[in-house]
There are 2 protein chains.
Amino acid sequence: MVEAAAQIVEAEGLPALTMRHLADKLGVAVTSIYWHVGNRAALLDQLAARVVAEIGDIHPDGATPAERIVSVASSLRSRLLARPELVWVVHERGRTPAMFQPAQAALAAELGALGLRGRRAATAVQVIQAHVVGSVLLERTVSRSRVDEVTDPAAWGDQPEADREMVEALSGPLDHEAVFRAGLEAIVASLGP
Amino acid sequence: MVEAAAQIVEAEGLPALTMRHLADKLGVAVTSIYWHVGNRAALLDQLAARVVAEIGDIHPDGATPAERIVSVASSLRSRLLARPELVWVVHERGRTPAMFQPAQAALAAELGALGLRGRRAATAVQVIQAHVVGSVLLERTVSRSRVDEVTDPAAWGDQPEADREMVEALSGPLDHEAVFRAGLEAIVASLGP
DNA sequence: ACCTGAACACCGTTCAAGT
DNA sequence: ACCTGAACACCGTTCAAGT
């Protein structure tokens, strides 16, 4: 039942998850769903709980603290990218902090190994988290938008002295992986002594 | 009419913007709205266009390129934080790239002054943009969530060797401004020679 | 040119009724 | 314990009809 709901959300988007659509998929009357889950909000909460558990299953990898920080951030990123619609449900139900808590704990341990403590460590955890979230959101944003807008360098037209190669790099297909890595490296570099 | 819609969205949230609610506020029949704007999607597009124009009105300030980069990122951040619900409409209507384009152009100019060109400059623009977006999203996320979750250090309980002061800093009220500045400084520092 | 009410298909949800 | 159909209040939207 929750599984069927998850399939609908990931395949057709959250708006497609109507109680009637779900009932049809299960071959059951709409009202039967209410007996099992209460209502739509409760159903979304169960969906969110699943994703929170999945995303929270962190396994840091690497020989040094810096490598393990990159590892945690990278796997967090790829998991968020793998289930975008369900991650959105988590956010909408206000469970984002719970989803990120295990990654925060893992990052905290590595930052401690780097000698960072207290408020400085807490800030570093959040900077890394913001970078992961921001780059994932931008990557998803591009895939949502109309191509003619992302691709059209004409939007830069009123700046004649603009760097042509850069404009093209920002207008064409973006290298999200490179952006993610560059930002992460800058952050990790700032942590050192 | 678009103004009334904007007020509803910012004050009561996007779900509260129903055609009937808007008609009531305007003292008019529901169907009259359709004559003016077509349908709900078109109304949201007009709303989005307004916000895109507002957010896009960038005025870099500062004596050095680095200072002006910080200025652009900071004013972008505060504008996004000032109208969260309407910014969300922009995102949902796929106009996020248009909303950020002027900031990208301003950042590009400053990066050029720092000697960055081509793909490297394009990546830097996106890293900065991701940082702004990520920190804004996290700040908004916290205000949405149940307090007991954000505040409860017990979630860290299974890690006895955890840094107490850091856990408290991550559990209590967060200093979003500090996170924003720390990340931005790390990124800007990575741009130099 | 602008506004209206009636009507339609679609929502989430409740409830009494069945097995 | 589990499922059902009928019914309700709410959506967005269309359309013929008014001024």
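Per chain, numbering begins at 1; letters A, B, ... match sequence-line order.
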Between [options], spot the one nearest the side chain of [X], thanks.
{"X": "B/Val28", "options": "D/dT4, C/dT14, C/dT4", "answer": "C/dT4"}
{"X": "B/Arg40", "options": "C/dC2, D/dT13, D/dC3", "answer": "D/dT13"}
{"X": "B/Arg20", "options": "C/dA7, C/dT13, D/dG5", "answer": "C/dA7"}

Whole-Å gap separating [atom2] ([N]) and [atom1] ([X]):
{"X": "A/Ile8", "N": "C/dC11", "atom1": "CD1", "atom2": "P", "value": "11 Å"}
{"X": "B/Leu43", "N": "D/dT13", "atom1": "CG", "atom2": "C1'", "value": "14 Å"}
{"X": "A/Leu44", "N": "C/dC11", "atom1": "CG", "atom2": "P", "value": "15 Å"}
{"X": "A/Asp24", "N": "C/dC10", "atom1": "CG", "atom2": "P", "value": "11 Å"}
{"X": "B/Leu22", "N": "D/dG12", "atom1": "CG", "atom2": "C1'", "value": "13 Å"}
{"X": "B/Met19", "N": "C/dA7", "atom1": "CE", "atom2": "P", "value": "21 Å"}
{"X": "A/Met1", "N": "D/dC2", "atom1": "CE", "atom2": "C1'", "value": "13 Å"}
{"X": "B/Leu26", "N": "C/dC3", "atom1": "CG", "atom2": "P", "value": "10 Å"}

* **For C/dA1, the Watson-Crick or wobble counterpart (both distances under 3.5 Å)** => D/dT19

* Asked: Paired with C/dC11 by Watson-Crick or G-U wobble geometry, both distances under 3.5 Å: which nucleotide is it?
  -> none

* Asked: If you find the nucleotide of DNA chain D closest to B/Val30 and the one closest to A/Trp35, which residue's nucleotide is nearer the 5' end?
  -> A/Trp35

Just wondering, do [Y] and [X] contact through their side chains at under 4.5 Å, heavy atoms?
{"X": "B/Gln7", "Y": "B/Glu12", "value": "no"}
{"X": "A/Leu86", "Y": "A/Leu14", "value": "no"}
{"X": "A/Val72", "Y": "A/Glu110", "value": "no"}

* Examine the side chains of A/Asp61 and A/His59 and answer whether a donor and an acceptor come within less than 3.5 Å of each other. => no

* Look at all strands and tell whether B/Thr18 reaches a base, only sugar-phosphate, or nothing, counting heavy atoms closer than 4.0 Å. => sugar-phosphate

* Ignoring hydrogens and angles, does a donor from either the side chain of A/Thr31 or the base of D/dG5 sit under 3.5 Å from an acceptor on the other? -> yes

* Determine: side-chain N/O of A/His21 to OP1/OP2 of C/dC11, distance under 4.0 Å, yes or no. => no

* Phosphate oxygens OP1/OP2 of C/dC3: is one of them under 4.0 Å from a side-chain N or O of B/His36? -> yes

* To do: Taking all heavy atoms of A/Pro97 and all of B/Thr141, pick out the closest pair and write down the distance.
  => CD-CG2, 4.0 Å

